[in-house]
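Numbering starts at 1 and runs along the sequence shown.
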Amino acid sequence: MSSCYFLLILVFLISIQPTISSSSVDLIQKTCKTTKYYDLCISSLKSDSTSLKADTKGLATIMIKVGMVNATATNSYLSSKLLLNTSSNNNTTNNDTILMKKLLKDCAEKYGFAANALQSSLQDLNDEIYDYAYMHVMAAADYPNVCHNGFKRNPGVVYPPQLAIREDGFKHICDVVLGILDALGW
């Protein structure tokens, strides 16, 4: 008799599991359709197992954390480039090398500020101060522009292509977060 109950409970649990998963996937898809970068949104959210149990606010939290990881990784990447440039150019300190180091250092700092802005956005989201959360994400998305503009002001120094790719990726993540925040309907 107890094996019958166990079997009934198992069948019941299996039958409700797809409903939970499909409604979660539906929410992710519905939410991502409100963003500029649907595929990025879907892949980012589906890669985090907590997204299946999240509401729209939770999905925004996940994407903000994705942005924080991205900004921190770019900061680390730029810092490592600084170390490489310092060690490989001990004897050559021409003006372009000095300028490149300064620009990379400024960019690393800007991506650090971007991560901090996203951290503030996360706190605002938790406190349900959605307009401030939105403002902090917009600020975070603008920090790479400041970095890029530093290179534009110095035409003798080329903006690194890898940094341009990272800049676009970070801005796309921020755009996804903004779309999700809009979907909260505040």
Side-chain angles (χ1 to χ4, degrees), residues 31-32 34-48 59-126 129-183:
T31 302
C32 288
T34 67
T35 70
K36 284 174 71 174
Y37 301 100
Y38 177 82
D39 291 336
L40 172 63
C41 180
I42 290 287
S43 65
S44 297
L45 292 176
K46 284 189 174 180
S47 69
D48 187 315
L59 297 177
T61 298
I62 292 166
M63 281 306 301
I64 290 170
K65 289 178 180 179
V66 168
M68 290 169 59
V69 167
N70 184 285
T72 302
T74 301
N75 173 283
S76 297
Y77 166 79
L78 291 166
S79 297
S80 71
K81 293 298 253 182
L82 280 169
L83 292 174
L84 289 174
N85 282 340
T86 302
S87 63
S88 65
N89 293 316
N90 288 339
N91 298 327
T92 59
T93 55
N94 65 34
N95 288 341
D96 285 348
T97 303
I98 293 169
L99 183 57
M100 177 61 97
K101 287 179 189 178
K102 181 190 177 318
L103 291 170
L104 290 175
K105 183 179 179 197
D106 288 348
C107 287
E109 185 178 70
K110 299 307 178 239
Y111 278 93
F113 291 157
N116 291 341
L118 290 176
Q119 180 64 48
S120 295
S121 170
L122 194 57
Q123 184 59 49
D124 295 332
L125 184 63
N126 288 334
I129 309 171
Y130 300 124
D131 53 344
Y132 275 61
Y134 198 92
M135 178 193 69
H136 280 115
V137 175
M138 287 180 59
D142 199 40
Y143 280 114
N145 291 333
V146 178
C147 168
H148 197 149
N149 288 339
F151 281 87
K152 286 180 182 176
R153 286 189 302 270
N154 296 284
V157 183
V158 176
Y159 189 59
Q162 184 60 34
L163 186 53
I165 292 167
R166 288 172 177 268
E167 175 187 354
D168 285 344
F170 180 72
K171 287 179 178 182
H172 292 177
I173 291 167
C174 288
D175 282 339
V176 168
V177 173
L178 293 172
I180 296 173
L181 290 174
D182 280 338

Practice task
Mind checking the CZ-OH spacing from Phe170 to Tyr111? Nearest 0.5 Å is all I need.
Solution key: 7.0 Å
Practice task
Just say parallel, tilted or perpendicular for the rings of His148 and Tyr159, cut-offs at 30° and 60°.
Solution key: parallel
Exercise for the section: Given side-chain contact (heavy atoms from CB on, under 4.5 Å), test Leu125 with Leu181 step by step and report yes or no. Expected result: CA-CA 9 Å; Leu125 184 63; Leu181 290 174; 3.8 Å; yes
Exercise for the section: Check whether any side-chain heavy atom of Ser44 sits under 4.5 Å from a side-chain heavy atom of Ile173, and report yes or no. Expected result: no
Problem - Among Val157, Val158, Leu99, side-chain contact (heavy atoms from CB on, under 4.5 Å) partner for Phe151 - result: Val157
Exercise for the section: Give the intermediate values and the outcome of side-chain contact (heavy atoms from CB on, under 4.5 Å) for residues Gln162 and Ile165. Expected result: CA-CA 5 Å; Gln162 184 60 34; Ile165 292 167; 4.3 Å; yes
Practice task
First locate atom OH of Tyr77, then atom SG of Cys107, and finally report the distance between them rounded to the nearest 0.5 Å.
Solution key: 11.0 Å
Practice task
State, with a plain yes or no, whether a side-chain heavy atom of Thr35 is found less than 4.5 Å away from one of Leu40.
Solution key: no
Would you tabulate the side-chain donor-acceptor contacts of residues 133-140 under 3.5 Å, counting partners in other chains and residues two or more places apart, or write 'none'?
residue	atom	partner	partner atom	Å
His136	ND1	Asp124	OD2	2.6
His136	ND1	Tyr132	O	3.0

Practice task
State the NZ-CD distance between Lys65 and Gln119, to the nearest 0.5 angstrom.
Solution key: 9.0 Å
Fill in the blank from the handout: Here the pair of heavy atoms bringing Leu122 nearest to Thr61 is CD1-CG2, 3.5 Å
Handout entry: Nearest-0.5 Å distance, CG of residue Leu118 to SG of residue Cys174
Key = 5.0 Å
Practice task
Flag the pair Cys41 / Thr34 as yes when at least one side-chain heavy-atom distance between them is below 4.5 Å, and no otherwise.
Solution key: no
Completion exercise
Output for pair (Leu103 CG, Asn154 CG), nearest 0.5 Å, gives 5.5 Å
Listed pairs under 3.5 Å, donor-acceptor, residues 66-76 side chains, sequence neighbours left out:
residue	atom	partner	partner atom	Å
Thr72	OG1	Met68	O	2.8
Thr74	OG1	Asn70	O	3.0
Asn75	ND2	Ala108	O	2.6
Ser76	OG	Thr72	O	3.1

Exercise for the section: For the pair Lys110 and Asp106, find out whether any cationic side-chain nitrogen is under 4.0 Å from an anionic carboxylate oxygen. Expected result: no
Fill in the blank from the handout: One should read off an interatomic distance between Asp39 CG and His172 NE2, to the nearest 0.5 angstrom, of 12.0 Å
Practice task
With the side chain counted from C-beta on, respond yes when Leu78 and Leu163 share a heavy-atom pair under 4.5 Å apart, and no when they do not.
Solution key: yes
Handout entry: Contact list for residues 163-175, test salt bridge (charged side-chain N to carboxylate O under 4.0 Å, His left out), sequence neighbours left out
Key = Lys36-Asp175, Glu167-Lys171
